[in-house]
Participant: 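Questions regarding the structure given below will be posed in turn.
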Amino acid sequence: MTSSTPDSPQTNPRRAAGSAQGESSRERTSSADSVAGSGQTSTGTPSTTDRGKASGKGTSKGSGKPAKPGSDWSVFRTVVVLVGLVIAGFGGYYLITGSAGLPDTGDGAVNPTLENQFRFFAAMMVGVGAAFVTIAVKFQWANMLWLVCLMVFMGGIGRVLSWAFSGQPHFLLIILMVVELAFPAALLVWHRYIAKTSELRRQYGAPS
């Protein structure tokens, strides 16, 4: 007569060993599934897709690359450099020639005091021109553009006062007066316009 009591691990060692192997196999399969679901390889290293996401590749935003200046800024900086070279050129010319380089000065005697003061301001013109060129090259100093434009504008105001108190100058100096009064304001308005449009392009994701 056979017994109905199930075999215990002590009485059936083969069945106990098979059960342990089955449980170990199921644990390995479950572990592999969880690793695959987490986006990593079985060795614990991130997969190619995750490395691409972590490095920011394959996306149009957040790549970490600095935005390149647009063509508008390039043209603006070129104009600022040209303005600086013209101002520095005039200043250098008057620094060398003195008041004799001005039209309608005649061949009379030179006033040493007036000549001394004139050459000093000619040197200041060279400095203003150099400031324009420096701002265009080191463009993170663009806020200083407002200061040098104000200096040029005040020079135009000085010409207006000279005309009012001392009479009409040569027509060439009148042209310079108009340029010195109008151009700094136009340059600053242009700078503000490009800055505003560049900001809008960044906000709406348009290429600069």
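Along the sequence shown, residues carry numbers from 1.
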Participant: If two hydrophobic side chains count as joined below 4.5 Å and joins carry through other members, does Phe153 share a cluster with Val79?
Facilitator: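 In one cluster: no.
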
Participant: CZ of Arg192 to OG1 of Thr197: how many Å apart, nearest 0.5 Å?
Facilitator: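 If I round to the nearest 0.5 Å, the distance is 10.5 Å.
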
Participant: Taking Ser162 for its side chain and Gly158 for its backbone only, find out whether a donor-acceptor pair lies under 3.5 Å.
Facilitator: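 Answer holds: no.
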
Participant: Which atoms form the tightest heavy-atom contact between Val81 and Val133, and what is the distance?
Facilitator: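 Answer, listing the atom of Val81 first, then Val133: O-CG2, 3.9 Å.
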
Participant: Would you kindly confirm whether Leu95 and Tyr93 end up in one hydrophobic cluster when ILVMFWY residues are joined by side chain heavy atoms under 4.5 Å apart?
Facilitator: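 The answer is no; the residues belong to distinct hydrophobic clusters.
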
Participant: Quick check: is Val86 connected to Met125 through a chain of hydrophobic side chains (ILVMFWY, heavy atoms under 4.5 Å apart)?
Facilitator: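 Met125 and Val86: one cluster.
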
Participant: Quick one: hydrophobic cluster around Phe120, which other residues, with the 4.5 Å side-chain cut-off, linked directly or via members?
Facilitator: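 Via sub-4.5 Å side-chain contacts, Phe120 links to Phe121, Met124.
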
Participant: Any idea which heavy atoms bring Val148 and Ile135 closest together, and the distance?
Facilitator: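 Answer, listing the atom of Val148 first, then Ile135: CG2-CD1, 3.9 Å.
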
Participant: Please say yes or no: joined through hydrophobic side-chain contacts below 4.5 Å, possibly via intermediate residues, are Tyr193 and Val80 part of one cluster?
Facilitator: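 Same hydrophobic cluster.
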
Participant: Is there a path from Val160 to Met151 through hydrophobic residues (I, L, V, M, F, W, Y) whose side chains come within less than 4.5 Å of each other?
Facilitator: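 As far as the 4.5 Å side-chain criterion goes, Met151 and Val160 are not connected within one cluster.
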
Participant: Look at the aromatic rings of Phe76 and His191 and report parallel, tilted or perpendicular, splitting at 30° and 60°.
Facilitator: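 Rings of Phe76 and His191: tilted, as their planes differ by 30° to 60°.
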
Participant: Show me the side-chain donor-acceptor pairs of residues 164-190 shorter than 3.5 Å, one per line, residues at least two apart or across chains.
Facilitator:
from, atom 1, to, atom 2, distance (Å)
His170, ND1, Leu172, N, 3.1
Glu180, OE1, Arg159, NE, 2.7
Glu180, OE2, Arg159, NE, 3.3
Glu180, OE2, Arg159, NH2, 3.2

Participant: Distance-only, no hydrogens or angles: does the Ser198 side chain make a donor-acceptor pair with backbone N or O of Ala195 under 3.5 Å?
Facilitator: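 No; zero donor-acceptor contacts below 3.5 Å.
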
Participant: Which atom pair, heavy atoms only, marks the closest approach of Ile87 to Gly129?
Facilitator: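 Shortest heavy-atom separation between Ile87 and Gly129 comes out as CG2-N, 3.8 Å.
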
Participant: Nearest heavy-atom pair of Glu115 and Val110: which atoms, and what distance?
Facilitator: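 Looking at all heavy atoms of both residues, the closest pair is OE1-CG1, 3.5 Å.
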
Participant: Which atom pair, heavy atoms only, marks the closest approach of Gly92 to Val126?
Facilitator: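 Of all heavy-atom pairs spanning Gly92 and Val126, the closest is N-CG2, 3.4 Å.
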
